[in-house]
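Quick note on labels: first sequence line is chain A, next is B, and so on, each numbered from 1. These numbers were taken from a predicted model, which means no experiment stands behind them.
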2 protein chains.
Amino acid sequence: MGETDGTSPVHEPSLDEQIAVYQREFQDLDPQVEKVVSALSRLNRRMNVAYGRQTAALGISNAEWEVLKALVISGAPYRMGPSELAKQLGLTPAAMTHRIDRMTAEGLVTRERDESNRVRVIVELTDEGRSKWLDAMRAATVFEEDLLQDLSTAERGVLGDMLTRLLDRVEDLQARG
Amino acid sequence: MGETDGTSPVHEPSLDEQIAVYQREFQDLDPQVEKVVSALSRLNRRMNVAYGRQTAALGISNAEWEVLKALVISGAPYRMGPSELAKQLGLTPAAMTHRIDRMTAEGLVTRERDESNRVRVIVELTDEGRSKWLDAMRAATVFEEDLLQDLSTAERGVLGDMLTRLLDRVEDLQARG
DNA sequence: TGTGTAGAGTTAAGCATCGAACTTTAGGCA
DNA sequence: TGCCTAAAGTTCGATGCTTAACTCTACACA
């Protein structure tokens with residue numbers, strides 16, 4: 001085909017190559033900082049692809065899995081309102097309405113009016129939804145254990161700690177401006 | 001309004017609360033692993049929100065910024081084909097076509113046929129596109145430096161190193177299955 | 001009791017993305 | 001030369017998301 005010069009398929013640049021170019025193009029760049037944020041971004045994209053394959057194999061989407069997770073995390077009896085769900089998942093209420101439509105049709109959740117406050121709606125996990133969550137969770141933990149395989153227990157602790165600190169920091173920044 | 005019981009606004013559970021519930025609901029969960037992956041996921045969502053605000057302030061979207069970045073990283077003369085771009089950004093060629101349409105209309109890139117191989121198309125960064133990239137980059141680095149503020153130089157190095165190892169690992173897993 | 005306001009959720013219209021089918025060009029091989 | 005296959009990009013139809021407008025209920029306050 002075209003100009004396959006022998007060794008350049010499509011060649012996504014490696015992290016270090018990417019940072020080297022950035023430094024050429026943008027002098028006051030801290031390569032250490034850039035390495036952290038670029039790795040975070042790439043890592044997350046790849047992880048989402050991996051999760052997507054697993055959930056697809058179970059007949060649900062990543063989007064639906066997010067909803068199942070939020071409901072389980074809310075604890076028994078696994079009920080939340082659409083707005084609350086939307087806030088946690090970073091969606092608009094409109095998107096949440098549609099997502100709940102689909103998941104209701106698939107039997108993963110039920111939707112009913114709150115009789116004690118008729119403006120509200122209660123989304124509740126069904127047994128099937130809970131079981132799907134469990135299946136997805138099992139697959140996810142296998143993958144996650146695999147992912148962290150090269151890190152010692154001590155390193156995992158340090159990593160978790162540092163990421164938590166970044167998370168606190170970003171929430172702080174969010175709150176201010 | 002509703003049942004504001006005084007201290008539960010919408011209450012997104014903290015990372016530790018979330019993991020505590022997960023352990024109740026799913027016995028064989030490694031809390032250390034879960035903490036790492038959950039923090040990664042949350043962190044990335046928040047960072048994307050932050051980047052989104054910055055790019056919006058510049059009159060572009062995060063999606064467009066991703067394209068600008070890829071073109072700059074490819075190095076001068078800042079040219080790539082649509083498929084190559086699509087692969088790096090994790091999009092389908094169809095989506096890339098439309099995105100390039102929009103960015104061409106906005107003057108951020110140009111699109112022309114490759115005369116030496118008329119099946120191909122060359123997307124090239126314009127001066128305006130390069131300048132937008134620079135503006136976004138300046139804003140991003142300020143944010144990123146802020147984000148990592150609580151980590152020492154040594155810690156940043158360790159974090160970058162660990163994330164790179166995870167990235168290598170996930171690429172490995174991707175390649176296999 | 002009535003009115004105004006605010007919050008929860010849905011509906012409607014527009015846009016970005018996806019998967020699949022299609023067009024065009026390049027190159028291999030008879 | 002002519003055919004066949006593969007690759008690049010676009011077009012088409014469907015899906016899920018966004019913003020904005022709207023409905024309905026609850027509560028505050030006169």
Give the rounded distance in Å between these two atoms: [atom1] of [X] and [atom2] of [N].
X: B:Glu84; N: D:dA7; atom1: CD; atom2: P; answer: 16 Å
X: A:Arg102; N: C:dT10; atom1: CZ; atom2: C1'; answer: 15 Å
X: B:Glu106; N: C:dC15; atom1: CD; atom2: C1'; answer: 13 Å
X: B:Lys87; N: D:dA8; atom1: NZ; atom2: P; answer: 6 Å
X: B:Ile122; N: D:dG9; atom1: CD1; atom2: P; answer: 10 Å
X: B:Arg118; N: D:dA6; atom1: CZ; atom2: C1'; answer: 19 Å
X: B:Glu112; N: D:dG9; atom1: CD; atom2: C1'; answer: 15 Å
X: B:Ile60; N: C:dC15; atom1: CD1; atom2: P; answer: 19 Å

Passes side chain to side chain contact (heavy atoms under 4.5 Å, CB included), B:Glu25 versus A:Tyr78? Steps please. CA-CA 11 Å; B:Glu25 302 285 336; A:Tyr78 313 118; 2.7 Å; yes
Could you list, one pair per line, each protein nitrogen or oxygen that sits under 3.5 Å from a nitrogen or oxygen of nucleotides 2-4 of chain C, together with the distance?
none

Of B:Pro82 and A:Arg113, whose closest DNA chain D nucleotide lies nearer the 5' terminus? B:Pro82
So if I take residues 93-101 of chain A and measure heavy-atom distances to DNA chain C, which residues fall below 4.0 Å? A:Pro93, A:Ala94, A:Thr97
C:dG19 phosphate, OP1 or OP2: any side-chain N/O from B:Thr92 under 4.0 angstrom? no
Short side-chain to backbone donor-acceptor contact, B:Thr126 and B:Gly107, under 3.5 Å: yes
If a pair satisfies salt bridge (Lys or Arg N to Asp or Glu O under 4.0 Å) and one of its residues is in residues 61-71 of chain A, list it, with sequence neighbours excluded. A:Glu66-A:Lys69, A:Glu66-B:Arg45
In short, salt bridge (Lys or Arg N to Asp or Glu O under 4.0 Å) pairs touching residues 88-104 of chain A with sequence neighbours left out are A:Asp101-A:Arg111
Test side chain to side chain contact (heavy atoms under 4.5 Å, CB included) on B:Leu163 and B:Leu40; report intermediate values, then the result. CA-CA 10 Å; B:Leu163 291 175; B:Leu40 277 173; 4.3 Å; yes
In sequence, state the C-alpha distance, the side-chain angles, and the governing distance for B:Leu68 and B:Leu125, and then conclude on side chain to side chain contact (heavy atoms under 4.5 Å, CB included). CA-CA 7 Å; B:Leu68 299 180; B:Leu125 196 60; 3.6 Å; yes
Proximal nucleotide (of C:dA26, C:dG9, D:dT18) relative to the A:Arg120 side chain: C:dG9
Distance-only criterion, 3.5 Å: show the donor-acceptor pairs between side-chain atoms of residues 29-36 of chain A and protein atoms not counting sequence neighbours.
residue: A:Asp30; atom: OD1; partner: A:Gln32; partner atom: N; Å: 2.9
residue: A:Asp30; atom: OD1; partner: A:Val33; partner atom: N; Å: 3.4
residue: A:Gln32; atom: NE2; partner: B:Thr153; partner atom: O; Å: 3.2
residue: A:Glu34; atom: OE2; partner: A:Ser38; partner atom: OG; Å: 3.3
residue: A:Lys35; atom: NZ; partner: A:Asp16; partner atom: OD1; Å: 3.2

Test of understanding: with side chain to side chain contact (heavy atoms under 4.5 Å, CB included), list the residues that count as partners of B:Ser152, not counting sequence neighbours. B:Ala154, B:Glu155
Is there side-chain contact between B:Met103 and B:Val67, with heavy atoms separated by less than 4.5 Å? yes
Is B:Arg111 touching bases, backbone alone, or none of the nucleic acid, heavy atoms closer than 4.0 Å? sugar-phosphate
